[in-house]
Structure formats: C-alpha cells, structure tokens
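The basis for the numbers below is simple: all heavy atoms, side chains too, and nothing from hydrogens, waters or symmetry mates.
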Amino acid sequence: TLLRHAFPDYRHVNLEEKDIRDFAIEDPRGFLNGFGDYIVIDEAQYAPDLLSYIQPIVDARNDPGLFILSGSQNFLLLKSISQSLAGRVGILSLLPFSFHECEAGGISVSDTNLLMIDGSYPRLVTRRLKPTDFYPNYIKTYVERDVRMETGVQDLNKFTSFMHICAQSAGTPVNLAAIGTAADADARTVTSWLNILEESYIIFRLKPYTRKIAPRYSKKPKLYFYDTGLLCSLLGIKNTEAMQRRNLRGLIFENMIVTDYRKQVFNHGGFPADNTYFWRDGSSRDKEVDLIVEGADKLELYEIKSAETAKNKHADNLFLFEKNAENTNCIKHVVYDGPNSFTKNGVTYLNRRDFANADDAG
C-alpha cells in the first residue's frame with residue numbers, strides 16, 4: 001500500500017499470484033524483460049533466484065531505483081538480498097504505526113489503555129479489527145508460515161509457548177537460563193529462537209549502557225516487543241481491568257514508549273540500535289534509567305512512568321545516573337501519561353503525545 005502511494009508511476013507486480021510467481025521462477029530473464037524497468041516486485045522472497053538476475057542489470061545500468069523489492073517474510077528476503085545484492089541496496093524496515101502516524105492518519109490515540117491493548121498493526125488499525133480476533137490469527141500465521149517454512153523449527157507448539165514466555169519477560173533484562181527452564185529448552189535453542197523473533201521484528205533487545213559510568217551496572221540487554229497489542233495478547237490481557245489487576249500497566253506503558261522512540265528513528269531512516277540504551281544499577285532493580293539516547297556530546301535520559309501525575313521523585317534515577325556519569329552532559333526527561341508538558345528543576349516532563357512528536361529522533 002505504501003509503495004503504491006509513493007511510486008504511482010512504477011509497474012507493480014505481486015508474486016503472491018501463482019501464475020506471476022511461476023513466471024518469475026521458471027523464466028527470470030523473460031520476467032524481467034517483460035515487465036521492464038522501474039518495477040515494484042512485492043513478496044519478492046517467493047522467487048529468490050530472481051535477485052541473481054537483477055544483480056547484473058543493476059551493475060550495468062548504475063541507475064538507482066530500477067527495482068523496488070518488498071516482502072512480508074523477512075528471513076528469506078534478507079537472506080536472498082545478502083547473497084545476491086549485497087552493497088547494492090538500501091533496506092527500509094516498516095514497523096507498526098507510531099503515535100505520530102496514527103494521529104496524522106486521523107486515528108485516535110487519546111485512550112492510553114486502549115492504545116496499548118489494541119496495538120498498531122496497520123490492518124488492525126485501519127480496518128477496526130478486534131484485537132481478540134486479530135492477534136491469535138496473526139500469531140498462528142506467523143508461527144506456521146514464517147517460522148516453520150523459513151527457520152526449520154519443528155516443534156511449533158513449543159515455539160508458540162516460547163513466545164508467551166518471552167512476553168512474561170518483557171521489560172526485564174534477558175535471563176537465558178530462566179527462559180530456558182520455563183521453555184524446557186537449552187541455552188542454544190533459546191538464543192536461536194530469540195534471534196528468530198528479533199529478525200522478524202517481533203521483539204528487540206535494548207543494550208545496557210556501560211560507558212562513562214560507575215562500575216555497577218547490569219550487563220544483560222532488556223527485551224521489548226515491537227507492538228504492545230501483540231504483547232497484551234500473549235499475556236492474555238483483553239481489557240483494562242485485566243491489565244490493572246495483574247499490575248502490568250507500568251511495564252506495558254514503558255514498552256510502548258521505548259518502542260515508539262524506535263519507530264521514530266526507523267521512520268527518519270536511522271538505526272536505533274546504534275545509540276539507544278538503558279541503565280540499571282547492578283545493586284538494585286529500582287535504580288534504572290529506562291531509555292538513554294547517546295549523541296555526539298550529550299546523553300538524552302528518559303525515565304518512563306505510567307502515572308498521570310508528574311512527581312519530583314520520578315526524576316530521582318536521572319539525577320543518580322548524572323551523578324555517576326563522568327562529566328557527561330545529561331539532558332533529563334520524564335515521560336508520563338499526564339496532560340501537560342513542562343520543565344522543572346532541570347527536568348523536562350513530557351506527556352506521551354509530546355514525546356511522540358518530539359524531533360529528537362531526526
């Protein structure tokens with residue numbers, strides 16, 4: 001849908017259609033000659049050998065934008081690209097909608113609880129689908145199609161259970177041993193399956209910040225989900241009451257804010273893994289900075305609170321980190337679920353909407 005709007009003059013071909021896919025597989029030269037230049041090939045992973053025939057055309061023509069390849073199955077598409085078109089492509093990743101994208105598209109994000117439970121996958125949002133219908137089918141399709149076909153995982157039920165276990169670990173440092181025990185899997189399998197979830201944009205791991213800081217810190221990355229609707233579905237949270245009853249609102253709110261920053265960076269063409277971190281004092285899980293963005297001459301610190309009322313104590317960990325940092329310029333923020341944004345005692349308090357519309361990611 002995005003490519004049709006962005007490149008209306010290109011020829012669009014979808015390899016989901018069997019006759020077109022067979023043509024691309026059986027006669028790749030004829031396929032490329034027949035459709036000509038400036039073509040969008042959707043679901044390109046279904047004809048991986050086609051990329052080998054695209055390579056000499058790209059090298060000979062030296063004309064950027066001759067081909068735009070898209071696909072919904074990340075594993076196979078990236079594998080094919082890395083083998084045939086390494087150094088000849090620009091890769092863009094599409095995540096679920098950010099706050100800013102939802103608002104720009106006329107989709108309300110005023111109800112925080114509803115936003116967290118619904119999530120922001122395009123099809124769910126634009127078609128007003130029920131999360132209780134959408135996510136179980138999404139998980140089933142993801143596991144049975146992507147995981148089975150492209151990774152060689154044999155025990156799909158066990159992998160699905162593994163996803164539920166990861167959801168229970170969201171927002172916490174990754175403990176391979178604990179996850180392995182719960183999933184009845186060895187460390188090697190846990191690592192492999194975490195990589196599968198990360199490569200398919202289900203989860204990501206936020207690195208610990210270890211530079212210019214006192215020696216006590218957690219060295220394990222934290223696990224987050226790219227979409228809180230999927231996270232809530234895996235946790236069995238179907239309404240606000242269940243979220244509050246299980247005391248998970250703060251954790252899910254944090255996941256949503258950290259993920260939205262990541263979406264902002266992706267949408268500006270950046271790579272959020274390059275300079276985003278968290279920090280946790282090794283002696284206490286309560287002494288933590290949820291998000292750190294490293295700049296050339298400063299650190300942007302974000303403490304994330306789901307409260308609707310901003311309090312001075314929300315900034316305590318920001319000042320603790322600043323005290324331990326070695327002469328580093330620390331810009332301090334608290335992101336919360338209240339109505340107003342303001343600055344007090346050297347700390348900027350941002351409601352989630354102003355955080356989403358901030359220009360820091362650019």
Side-chain angles (χ1 to χ4, degrees), residues 95 158-159 161-228 230-231 234-235 246-263 265-266 271-294 299-306 316-318 320-326 328 330 335:
L95 302 181
K158 193 171 183 179
F159 187 87
S161 297
F162 176 78
M163 292 179 65
H164 287 269
I165 293 166
C166 287
Q168 295 165 17
S169 302
T172 65
V174 177
N175 187 326
L176 295 179
I179 294 175
T181 298
D184 190 23
D186 58 34
R188 183 175 180 179
T189 299
V190 170
T191 300
S192 173
W193 286 3
L194 285 173
N195 289 339
I196 289 171
L197 292 176
E198 194 157 25
E199 289 168 8
S200 52
Y201 294 95
I202 299 295
I203 66 166
F204 62 92
R205 283 169 277 190
L206 187 65
K207 298 177 293 186
Y209 187 82
T210 60
R211 295 188 292 279
K212 301 178 183 177
I213 196 68
R216 297 181 305 172
Y217 52 81
S218 172
K219 298 181 181 180
K220 297 177 181 178
K222 287 177 70 173
L223 187 152
Y224 290 103
F225 276 70
Y226 274 111
D227 187 81
T228 56
L230 178 59
L231 172 60
L234 289 167
L235 289 172
R246 296 178 58 184
N247 198 30
L248 290 174
R249 189 178 190 276
L251 182 150
I252 296 170
F253 184 83
E254 176 188 324
N255 195 122
M256 181 175 67
I257 296 300
V258 173
T259 300
D260 198 74
Y261 180 83
R262 205 171 181 88
K263 292 174 182 177
V265 177
F266 268 122
F271 296 93
D274 292 345
N275 70 333
T276 54
Y277 309 87
F278 80 98
W279 173 78
R280 173 179 284 190
D281 188 308
S283 64
S284 172
R285 62 178 296 177
D286 295 325
K287 298 177 181 179
E288 179 176 285
V289 176
D290 297 314
L291 179 64
I292 299 174
V293 181
E294 186 176 44
L299 293 176
E300 298 274 355
L301 310 180
Y302 295 89
E303 182 71 10
I304 301 169
K305 298 294 183 181
S306 63
D316 286 352
N317 289 338
L318 304 178
L320 174 65
F321 180 94
E322 184 179 47
K323 180 181 178 180
N324 286 324
E326 299 174 0
T328 303
C330 294
V335 182

Trainee: Starting at CE of Met256, measure out to CG of Asp227 and round the result to the nearest 0.5 Å.
Mentor: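 The CE atom of Met256 sits 11.0 Å away from the CG atom of Asp227.
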Trainee: Can you give me the closest heavy-atom contact between Leu231 and Ala170, atom names plus distance?
Mentor: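 Heavy atoms of Leu231 and Ala170 come nearest at CD1-CB, 3.8 Å.
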Trainee: Go through the structure and list residues passing side-chain contact (heavy atoms from CB on, under 4.5 Å) with Lys207, not counting sequence neighbours.
Mentor: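 For Lys207, the residues satisfying side-chain contact (heavy atoms from CB on, under 4.5 Å) (neighbours in sequence not counted) are Tyr277.
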Trainee: Sequence neighbours excluded, which residues qualify as side-chain contact (heavy atoms from CB on, under 4.5 Å) partners of Asn175?
Mentor: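 Once residues adjacent in sequence are excluded, the partners of Asn175 under the side-chain contact (heavy atoms from CB on, under 4.5 Å) criterion are Ala177, Ala178, Lys220.
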Trainee: In chain order, what residues pass the side chain to side chain donor-acceptor pair (under 3.5 Å) check against Asn255, with sequence neighbours excluded?
Mentor: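 Result, side chain to side chain donor-acceptor pair (under 3.5 Å) vs Asn255: Thr259.
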Trainee: With a 4.5 Å cut-off on side-chain heavy atoms, are Glu303 and Leu301 touching?
Mentor: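 A side-chain contact under 4.5 Å is absent here.
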Trainee: Measuring only between side-chain heavy atoms, which start at C-beta, is Trp279 closer than 4.5 Å to Pro208?
Mentor: no
Trainee: Enumerate the ring pair (Phe, Tyr, Trp, His ring centres under 6.0 Å) contacts for residues 162-186, please, sequence neighbours excluded, ordered by first and then second residue.
Mentor: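 Every pair satisfying ring pair (Phe, Tyr, Trp, His ring centres under 6.0 Å) with a residue in residues 162-186: Phe162-Trp193.
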Trainee: Please tell me if the side chains of Tyr302 and Val293 come closer than 4.5 Å, counting only heavy atoms from C-beta onward.
Mentor: yes
Trainee: If you define the side chain from C-beta out and look only at heavy atoms, does anything of Val258 sit under 4.5 Å from Phe278?
Mentor: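 Of all side-chain heavy-atom pairs linking Phe278 with Val258, none is under 4.5 Å.
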Trainee: Quick one: does Phe225's side chain get under 4.5 Å of Ile202's, heavy atoms only?
Mentor: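 They are in side-chain contact.
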Trainee: Between Arg262 and Leu95 (side chain of the first, backbone of the second, donor and acceptor by atom type, cut-off under 3.5 Å), is there such a pair?
Mentor: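 Absent.
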Trainee: With sequence neighbours excluded, tell me which residues meet side-chain contact (heavy atoms from CB on, under 4.5 Å) with Ser169.
Mentor: Thr172, Ile179
Trainee: Does any part of the side chain of Leu223, heavy atoms only, come nearer than 4.5 Å to the side chain of Leu194, both counted from C-beta?
Mentor: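 Yes. Closest side-chain heavy atoms under 4.5 Å.
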Trainee: Looking at CG of Leu235 and OG1 of Thr228, how far apart are the two atoms once the value is rounded to the nearest 0.5 Å?
Mentor: 10.5 Å
Trainee: How far apart are the C-alpha atoms of Leu197 and Phe159, what are their side-chain angles, what is the distance that settles it, and do they pass the side-chain contact (heavy atoms from CB on, under 4.5 Å) test?
Mentor: CA-CA 10 Å; Leu197 292 176; Phe159 187 87; 3.8 Å; yes
Trainee: In chain order, what residues pass the side chain to side chain donor-acceptor pair (under 3.5 Å) check against Thr189, with sequence neighbours excluded?
Mentor: Asp186
Trainee: Can you tell me how far CG of Asp290 sits from NZ of Lys305, rounded to the nearest 0.5 angstrom?
Mentor: 7.0 Å
Trainee: Minimum heavy-atom separation for Ala167 and Leu234, please, with both atom names.
Mentor: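 Closest approach of Ala167 to Leu234: CB-CB, 3.6 Å.
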Trainee: Roughly how far, to the nearest 0.5 Å, is CG of Leu320 from CD of Glu322?
Mentor: 10.5 Å
Trainee: Do Asp281 side-chain atoms and Lys287 backbone N/O form a donor-acceptor pair below 3.5 Å?
Mentor: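 No; judged by distance alone, with no hydrogens or angles, the pair does not exist.
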Trainee: Among residues at least two apart in sequence or on other chains, which ones pass side chain to side chain donor-acceptor pair (under 3.5 Å) with Tyr224?
Mentor: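 If we apply the side chain to side chain donor-acceptor pair (under 3.5 Å) test to Tyr224, skipping adjacent residues, the hits are Lys222, Glu254.
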Trainee: Is Asn317 reaching over with its side chain to a backbone N or O of Glu288, donor-acceptor style, under 3.5 angstrom?
Mentor: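 Yes: the side chain of Asn317 pairs with the backbone of Glu288.
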Trainee: Over 60° means perpendicular and under 30° means parallel, so classify the ring planes of Tyr226 and Phe266, tilted if in between.
Mentor: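 Answer is tilted, since the angle falls between 30° and 60°.
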Trainee: Can you name the side-chain contact (heavy atoms from CB on, under 4.5 Å) partners of Thr191, sequence neighbours left out?
Mentor: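 Scan of Thr191 (side-chain contact (heavy atoms from CB on, under 4.5 Å), adjacent residues dropped) gives Leu176, Asn195.
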